[in-house]
4 protein chains.
Amino acid sequence: MTKSKLLEGLMQEMANSKKQTVKQQKIIQTAIELFAEKGYANTSTAEIAKQAEVAEGTIFKHYGTKDRLLLSIIVPYLKEIFPSMADEVIGEIMGRNIATFDEFLKGFFTNRIQFFNENKEIFQVLVKEFIYNQELRNELFPYFSENVLLRFGKIFDHFQERGELENIPRERVMKMLFTFIGGFFVSRFVILTDYTITEEEIDDAVRFVMNGLRG
Amino acid sequence: MTKSKLLEGLMQEMANSKKQTVKQQKIIQTAIELFAEKGYANTSTAEIAKQAEVAEGTIFKHYGTKDRLLLSIIVPYLKEIFPSMADEVIGEIMGRNIATFDEFLKGFFTNRIQFFNENKEIFQVLVKEFIYNQELRNELFPYFSENVLLRFGKIFDHFQERGELENIPRERVMKMLFTFIGGFFVSRFVILTDYTITEEEIDDAVRFVMNGLRG
Amino acid sequence: MTKSKLLEGLMQEMANSKKQTVKQQKIIQTAIELFAEKGYANTSTAEIAKQAEVAEGTIFKHYGTKDRLLLSIIVPYLKEIFPSMADEVIGEIMGRNIATFDEFLKGFFTNRIQFFNENKEIFQVLVKEFIYNQELRNELFPYFSENVLLRFGKIFDHFQERGELENIPRERVMKMLFTFIGGFFVSRFVILTDYTITEEEIDDAVRFVMNGLRG
Amino acid sequence: MTKSKLLEGLMQEMANSKKQTVKQQKIIQTAIELFAEKGYANTSTAEIAKQAEVAEGTIFKHYGTKDRLLLSIIVPYLKEIFPSMADEVIGEIMGRNIATFDEFLKGFFTNRIQFFNENKEIFQVLVKEFIYNQELRNELFPYFSENVLLRFGKIFDHFQERGELENIPRERVMKMLFTFIGGFFVSRFVILTDYTITEEEIDDAVRFVMNGLRG
DNA sequence: GATGAATGAGACTTCATTCAT
DNA sequence: TATGAATGAAGTCTCATTCAT
């Protein structure tokens with residue numbers, strides 16, 4: 001986990017690479033499960049190999065190092081975690097039927113909850129390593145800033161231009177917003193792993209945030 | 001990190017134990033720094049020993065296992081992290097000059113921010129391992145529920161009885177509150193390690209929460 | 001050396017396992033020599049690795065723990081040490097040409113002396129650990145009772161039915177017999193490691209036992 | 001356990017030394033128990049210290065090394081294990097009322113069984129280490145030959161001169177005798193630690209030996 | 001005489017990684 | 001592509017022993 005800027009390179013590389021073999025799929029799936037459960041540092045490649053019913057050498061044939069195995073899990077996920085959603089949502093906002101920030105927030109929560117539910121374990125891996133692993137954090141930060149903060153900013157601007165969320169100091173309030181959103185997803189998906197989020201709770205969250213912002 | 005219910009036992013044990021030697025203090029201090037920086041799993045006892053200018057054996061003479069070294073850091077801190085504060089605050093509320101939930105929240109944030117600033121690294125260790133280490137999480141959860149949730153609940157009740165925070169579904173709203181508070185402290189002290197919290201931001205946070213709750 | 005009943009399991013496991021690599025053979029051979037000479041507890045895996053010209057990790061790759069290395073030496077030997085011989089001898093007695101207990105005893109001594117001479121070191125390991133290691137003793141005792149005492153008892157019965165060894169309290173006399181046999185093999189093969197047993201001494205031993213029994 | 005001829009020196013030294021303190025007694029007693037149970041190599045000085053309720057340093061203050069602690073247990077016992085008995089018995093034979101080798105053997109077994117019962121654990125330590133520890137065996141062998149074999153030989157001669165045990169090749173038969181005696185005491189006191197020897201069994205043993213010898 | 005903190009060599013074991021097949 | 005034997009560095013931990021108090 002030493003080289004920098006490898007995220008970009010890796011994304012390129014993955015885009016170009018052939019499609020996975022069956023063994024590769026098993027390796028990735030098993031690694032996700034184990035990394036999510038016990039963390040990257042506490043999971044040995046031997047354990048992954050055994051549980052994936054694959055020779056240990058096979059892992060290294062495909063991924064070279066354990067580090068790159070981790071990135072092979074995280075990187076393709078990164079592209080989906082915010083951007084795709086953001087683009088989607090931005091499309092909806094601009095074009096169609098999302099008129100208020102309330103609606104946007106509700107859509108955002110609903111959409112992401114569904115996405116994280118479908119990829120809970122990868123999200124756990126990502127969060128755990130993001131917090132635990134200094135090097136990875138340094139790697140991910142610029143990516144995160146660029147893709148998440150920026151787009152969210154734009155959306156925020158959009159609604160301010162429309163007359164919503166007026167007279168609010170954007171930077172300061174967005175911090176509060178992200179603080180809550182981060183706390184929400186991490187607590188529900190990483191810490192309380194068996195938690196189920198209800199429709200009602202989404203409404204609570206949206207209301208909490210909206211009131212907080214408007215204050 | 002296998003045996004359960006060792007928290008209680010360890011607390012007893014520590015209360016009874018003689019006071020630390022100079023070397024012990026150096027070990028603990030160094031371990032805190034390294035665990036905070038790189039995480040427990042990525043820090044070797046050899047590294048701790050070297051940086052603490054102590055023989056590796058000395059660590060094990062005093063703490064037996066690396067696990068127990070971690071707990072020797074976390075456990076004494078746990079007792080201070082919430083209860084003491086809560087008791088203090090409860091005293092202030094009941095007796096003296098805290099009249100509103102706003103005031104309480106502001107006091108809480110101010111007080112804990114100071115405390116975590118003074119113990120930033122231990123807090124980082126605690127949070128990182130809480131998220132990373134399943135076993136430790138299981139160990140800490142009951143303690144957390146009992147000491148944090150319970151006391152907060154009482155305080156909440158207190159203000160509801162006084163007429164504040166009326167007509168609010170306590171359980172649901174407290175969840176939002178904790179979500180925000182958790183997100184706030186973790187992001188500021190664990191992720192953004194060089195962040196400085198201003199007076200202004202505390203006010204933002206209090207306002208955000210109060211509006212969120214009242215809504 | 002903690003889990004019980006692992007003997008049976010290990011036997012199964014070994015029967016199923018692939019055949020040894022060259023390195024494994026060197027490891028086992030070297031371990032036998034060193035354990036025989038200095039005892040299991042006084043032999044380090046580093047020493048075994050060095051003398052076997054193998055990386056220390058290789059030992060653990062194959063045998064997992066030092067304990068299992070010891071058992072990997074002892075277990076396959078156990079199956080040969082008595083049962084096979086007993087079956088052979090029983091066959092001879094029943095079918096062919098062993099008519100008297102004298103003959104049987106002489107055959108037994110001769111056969112086992114040859115066997116132990118060919119496997120002197122493993123026998124030394126077995127005896128030393130049997131005496132030294134409480135856990136191993138508990139593990140081996142039931143096996144020993146079942147395979148050795150039982151078969152010997154049957155043979156004894158056989159000759160009593162034929163009219164030999166009459167009027168002798170079987171249990172009490174067999175104790176004396178085993179006492180002598182045990183003393184004989186342990187002293188000659190484990191304590192006096194350079195001792196050579198002559199034909200004459202075998203006769204002495206048989207005569208000593210036969211007289212002792214008949215008395 | 002390196003230096004040779006230290007047995008003699010140690011005996012002198014012990015004879016000259018002051019009498020033991022209370023702590024020393026506890027150390028020795030605890031060490032005997034632990035060495036008997038688990039063997040010298042598997043017992044740490046830390047464990048002895050803890051169980052003896054003594055600081056680890058105290059053990060080394062008194063005994064210098066763990067080796068010398070072992071010898072401090074074995075050496076005083078050695079002087080009693082055969083010589084004293086032999087002298088006693090020789091006295092009885094010469095002067096008083098032991099007329100036959102039968103009687104002598106019965107006396108010998110009875111006397112030594114009582115002695116070993118009273119010092120079972122030290123005997124276990126002695127035997128286990130004698131078998132396990134090459135260096136100690138080399139140390140003890142000459143002592144054993146001189147004190148045990150020699151005296152036994154004299155006694156044997158005595159009875160042969162009296163007309164008993166005639167026409168028997170002394171060397172060969174004494175080997176059988178020692179083989180049995182060794183097997184008897186080791187099996188009963190070291191291997192079958194909870195065994196109780198009955199009067200009847202002593203008679204069996206004497207009869208077995210006498211017949212064996214006379215044959 | 002007794003303590004117990006401290007040591008550092010060395011024990012067993014784990015691990016990511018390599019490479020011949 | 002896949003294997004799995006082999007590696008050796010590094011990890012945690014144990015131990016007999018020393019020494020200042």
Side-chain angles (χ1 to χ4, degrees), chain A residues 18 20-24 26-27 41-50 53-69, chain B residues 18 20-24 26-27 41-49 53-69, chain C residues 18 20-24 26-27 41-49 52-69, chain D residues 18 20-24 26-27 41-50 52-69:
Chain A
K18 336 267 156 106
Q20 295 185 320
T21 65
V22 177
K23 302 249 172 191
Q24 274 187 78
K26 285 211 72 173
I27 290 168
N42 297 322
T43 304
S44 72
T45 51
E47 200 178 354
I48 297 167
K50 190 178 176 186
E53 292 172 305
V54 150
E56 214 172 341
T58 307
I59 295 175
F60 289 89
K61 251 304 176 284
H62 287 300
Y63 303 100
T65 69
K66 194 188 167 195
D67 264 14
R68 286 179 61 96
L69 172 59
Chain B
K18 329 276 154 99
Q20 294 186 321
T21 65
V22 177
K23 302 249 174 186
Q24 273 187 76
K26 286 208 72 175
I27 291 168
N42 298 323
T43 305
S44 74
T45 51
E47 198 176 357
I48 297 167
E53 292 172 305
V54 151
E56 207 173 348
T58 306
I59 295 175
F60 289 92
K61 201 85 215 181
H62 287 300
Y63 302 100
T65 67
K66 196 187 165 194
D67 263 15
R68 286 180 61 98
L69 172 60
Chain C
K18 330 275 154 101
Q20 294 185 321
T21 65
V22 178
K23 302 250 173 185
Q24 271 187 79
K26 286 209 72 177
I27 290 168
N42 298 322
T43 305
S44 74
T45 51
E47 199 177 356
I48 296 167
E53 290 171 306
V54 151
E56 208 173 347
T58 306
I59 295 176
F60 289 90
K61 202 85 214 182
H62 287 300
Y63 303 100
T65 66
K66 196 186 166 197
D67 263 16
R68 285 179 63 96
L69 173 60
Chain D
K18 336 266 156 111
Q20 295 184 320
T21 65
V22 177
K23 302 250 173 189
Q24 274 188 76
K26 286 210 73 175
I27 291 167
N42 297 323
T43 305
S44 71
T45 51
E47 200 178 355
I48 296 167
K50 189 177 177 186
E53 293 171 304
V54 150
E56 214 172 342
T58 307
I59 295 175
F60 289 89
K61 254 293 176 291
H62 287 300
Y63 303 100
T65 68
K66 194 188 167 194
D67 264 15
R68 285 179 61 98
L69 173 60

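What you see is a predicted model; the values in this text were computed from it and never measured. In what follows, chains carry the letters A, B, and so on, assigned in the order in which the sequence lines appear, proteins first and then strands, with residues in each chain numbered from 1.
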Going 5' to 3' through nucleotides 13-21 of chain E, assign each nucleotide B (protein heavy atom under 4.0 Å from a base atom), S (under 4.0 Å only from sugar-phosphate atoms) or - (no protein heavy atom that close).
-> BBSBBB---
Heavy atoms only: give me the nearest [X]-[Y] pair and the separation to one decimal.
| X | Y | answer |
| --- | --- | --- |
| C:Ala46 | C:Glu56 | N-OE2, 3.3 Å |
| B:Glu47 | B:Asn42 | OE1-O, 4.3 Å |
| A:His62 | A:Thr21 | NE2-OG1, 4.1 Å |
| D:Lys23 | D:Glu53 | NZ-O, 4.1 Å |
| B:Thr43 | B:Lys66 | O-NZ, 2.8 Å |
| B:Tyr63 | B:Gln20 | OH-NE2, 3.9 Å |

Between F:dA6 and C:His62, is there an OP1 or OP2 to side-chain N/O distance shorter than 4.0 Å?
->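 Answer is yes, contact under 4.0 Å.
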Taking only the side-chain nitrogens and oxygens of C:Thr21, find out if one of them lies under 4.0 Å from OP1 or OP2 of F:dA6.
->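 For F:dA6, OP1/OP2 do have a side-chain N/O of C:Thr21 under 4.0 Å.
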About how many Å separate CG of C:Leu69 and OG1 of C:Thr45, when rounded to the nearest 0.5 Å?
->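 If we round to the nearest 0.5 Å, C:Thr45:OG1 and C:Leu69:CG are 9.0 Å apart.
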At what distance, to the nearest 0.5 angstrom, does CZ of A:Arg68 lie from CD1 of A:Ile59?
->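 These two atoms lie 14.5 Å from each other.
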Please give, in whole Å, the distance from [N] [atom2] to [X] [atom1]?
| X | N | atom1 | atom2 | result |
| --- | --- | --- | --- | --- |
| B:Gln24 | E:dA5 | CD | C1' | 9 Å |
| C:Ile48 | E:dC12 | CD1 | P | 8 Å |
| B:Ile59 | F:dC15 | CD1 | P | 18 Å |
| B:Tyr63 | E:dT7 | OH | C1' | 16 Å |
| B:Lys23 | E:dG4 | NZ | C1' | 14 Å |
| D:Lys50 | E:dG4 | NZ | P | 14 Å |
| D:Glu53 | E:dA2 | CD | P | 14 Å |
| D:Glu47 | F:dC15 | CD | P | 8 Å |

Would you please name every residue forming a side chain to side chain contact (heavy atoms under 4.5 Å, CB included) with B:Ala55, sequence neighbours left out?
->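 Partners of B:Ala55 by the side chain to side chain contact (heavy atoms under 4.5 Å, CB included) criterion, ordered by chain and then number, come out as B:Thr58.
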According to the Watson-Crick and G-U wobble definition with distances under 3.5 Å, which dot-bracket string, read 5' to 3', encodes DNA chain E, using [ ] for crossing pairs and | for pairs with another strand?
-> .||||||||||||||||||||
Closest to the C:Val54 side chain: E:dT7, F:dT7, F:dT3?
->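 Looking only at heavy atoms from C-beta outward on C:Val54, the closest nucleotide is F:dT7.
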